[in-house]
Amino acid sequence: MNKIKERLESISLQTHSWIATAMALMGFLFMWIGKESGEGYLWAFIVGLILVIITLIYCLVVFRCPHCGSLLGTRTIPEYCPHCGKKLKN
């Protein structure tokens, strides 16, 4: 578990942002395909919904200040933590 945490912390916040965006877009694409294709593709909708939920959890885990642990927000990646004021590495 510590290796996973170390690996996640070594990736820049910008890269995490791109990963989360790609995961969410894939999730919404699967949901749209499942909705538009009819009953036989309910599995695609469910896979898409699960992917969107995983993306939300990913964002809650990753977009935190490494110093104080508070959430950084979702609109932009700040240079400094809005709660403790320490510099964030990008």
Side-chain angles (χ1 to χ4, degrees):
M1 189 70 171
N2 285 336
K3 288 184 180 184
I4 294 172
K5 186 175 180 180
E6 289 173 11
R7 178 69 180 140
L8 285 175
E9 289 174 354
S10 71
I11 300 172
S12 73
L13 290 175
Q14 185 67 39
T15 303
H16 283 300
S17 177
W18 284 108
I19 292 170
T21 301
M23 287 172 52
L25 287 175
M26 285 191 311
F28 287 125
L29 179 66
F30 270 94
M31 289 173 68
W32 179 76
I33 289 170
K35 180 181 174 289
E36 294 297 320
S37 298
E39 285 185 32
Y41 290 90
L42 179 63
W43 63 270
F45 183 83
I46 293 171
V47 167
L49 184 62
I50 290 170
L51 229 127
V52 169
I53 292 169
I54 289 171
T55 303
L56 291 173
I57 294 169
Y58 177 78
C59 289
L60 289 174
V61 169
V62 170
F63 293 107
R64 293 187 172 272
C65 173
H67 307 290
C68 68
S70 62
L71 285 173
L72 296 175
T74 56
R75 298 202 188 268
T76 60
I77 300 171
E79 284 190 45
Y80 297 92
C81 175
H83 302 282
C84 70
K86 293 187 178 178
K87 185 161 176 58
L88 303 170
K89 63 177 183 178
N90 287 328

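All values below were derived from every heavy atom in this structure, side-chain atoms included, with hydrogens, water molecules and symmetry-related copies excluded.
- Annotation for F63: atom CZ counts as buried by contact number, over 12 foreign heavy atoms lying within 6.0 Å.
- Counting heavy atoms from C-beta on, the side chains of S70 and C84 never come closer than 4.5 Å.
- Residues Y41 and F30 are not in side-chain contact: their nearest non-hydrogen atoms beyond the backbone lie 4.5 Å or more apart.
- For the pair H16 (side chain) and Y58 (backbone), a donor-acceptor distance under 3.5 Å is absent.
- Criterion: ILVMFWY side-chain heavy atoms under 4.5 Å apart, direct or through other members. Under it, I53 and W32 are not part of a common hydrophobic cluster.
- The two residues P82 and L72 make their nearest non-hydrogen contact at CD-CD2, 4.0 Å.
- V52 and I33 fall into different hydrophobic clusters, where Ile, Leu, Val, Met, Phe, Trp and Tyr side chains are chained together by heavy-atom contacts under 4.5 Å.
- M31 approaches G48 most closely through the heavy-atom pair CG-C, 3.5 Å.
- There is no path of hydrophobic side-chain contacts, each under 4.5 Å, that joins I57 to L71.
- With rounding to the nearest 0.5 Å, the separation of NZ in K35 from CG in L42 is 13.0 Å.
- Note: the hydrophobic cluster containing I46 also contains M23 (ILVMFWY, side chain heavy atoms under 4.5 Å, direct or indirect links).
- Residues V62 and I54 share a single hydrophobic cluster, defined by chaining ILVMFWY side chains whose heavy atoms lie under 4.5 Å apart.
- Side-chain atoms of H67 never come within 3.5 Å of backbone atoms of L88 as a donor-acceptor pair (strictly under, hydrogens ignored).
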